[in-house]
Amino acid sequence: MNDIKAADLPEGSVVAGRDIAYVSRWVGISAIWCGTDGSRVYDAWIDGVLAADGVVLRHGHGDEGEV
């Protein structure tokens, strides 16, 4: 079982499910996950993807710590 939660992932993170990848974007005060199929979902949906063997392909924008 995956212990990672969508709410713990920063903006720019990418999560891949079986058929769709999702990118985290901040809209207002909460994160929206934009799917490669045009869908927009919230953290609870991504938690389900992660629980069903989804994987985090990128944590944040990938440039944390770069100078």
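Nothing fancy with the numbering, it's 1 onward along the sequence.
Under the side chain to side chain donor-acceptor pair (under 3.5 Å) criterion, D37 pairs with S39, not counting sequence neighbours.
Residue V49 forms a side chain to side chain contact (heavy atoms under 4.5 Å, CB included) with just one option from V41, V15, V55, and that option is V15.
Contact between G35 and I20 at its shortest, heavy atoms only, is CA-CG2, 3.9 Å. A pairwise comparison of heavy atoms in A16 and L57 identifies CB-CD1, 3.6 Å as the closest pair. When all heavy atoms are compared, the tightest approach of L9 to H59 is CD2-CD2, 3.5 Å.
Think of Y42 as one node in a network of Ile, Leu, Val, Met, Phe, Trp and Tyr side chains linked at under 4.5 Å; its network also takes in V27, I32.
Annotation: side-chain hydrogen bond (donor to acceptor under 3.5 Å, both in side chains) contacts involving residues 12-26, sequence neighbours excluded, comprise Y22-W45.
Looking at heavy atoms from C-beta onward, V56 lies in side-chain contact with L50 at the 4.5 angstrom threshold.
At distances below 3.5 Å, not a single donor-acceptor pair connects side-chain atoms of D47 with backbone N or O atoms of K5.
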